[in-house]
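Everything on this sheet refers to the single structure shown next.
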Amino acid sequence: AMLGLGGARLSPAAARASAAVEAAGDPGRRGLVAIWNTWMAMRLRDRLPQAVFDRLVEPWTSVVGQLPEA
């Protein structure tokens with residue numbers, strides 16, 4: 001799941017939201033989620049476990065490239 005956090009358990013509501021975004025199949029919508037996830041990960045970088053941070057920014061880094069240094 002795009003919003004899955006590499007093994008972190010999602011709440012039932014978050015899991016439903018993730019499934020709804022992926023089921024929509026709309027690349028624009030998935031792109032917005034990728035941008036949002038990356039923005040939030042960058043803002044919370046010092047508070048997130050590295051594995052969660054990496055999972056959140058993976059869609060961005062695989063398309064756009066490296067993130068700026070913290």
From [X] [atom1] over to [Y] [atom2], what is the distance, rounded to the nearest 0.5 angstrom?
X     : Y     : atom1 : atom2 : answer
Trp39 : Arg43 : CH2   : CZ    : 4.5 Å
Trp60 : Asn37 : CH2   : CG    : 12.0 Å
Arg45 : Gln50 : CZ    : CD    : 7.5 Å

Exercise for the section: Please answer: with hydrophobic residues joined when any side-chain heavy atoms are less than 4.5 Å apart, are Leu32 and Met42 in the same cluster? Expected result: no
Fill in the blank from the handout: Residue set satisfying side chain to side chain contact (heavy atoms under 4.5 Å, CB included) with Gln66, at least two apart, ordered chain then number -> none
Exercise for the section: Kindly give the heavy-atom pair with the smallest separation between Ala41 and Val57, and that separation in Å. Expected result: CB-CG1, 3.7 Å
Handout entry: Worked check of side chain to side chain contact (heavy atoms under 4.5 Å, CB included) between Leu56 and Thr38
Key = CA-CA 6 Å; Leu56 286 171; Thr38 302; over 6 Å; no
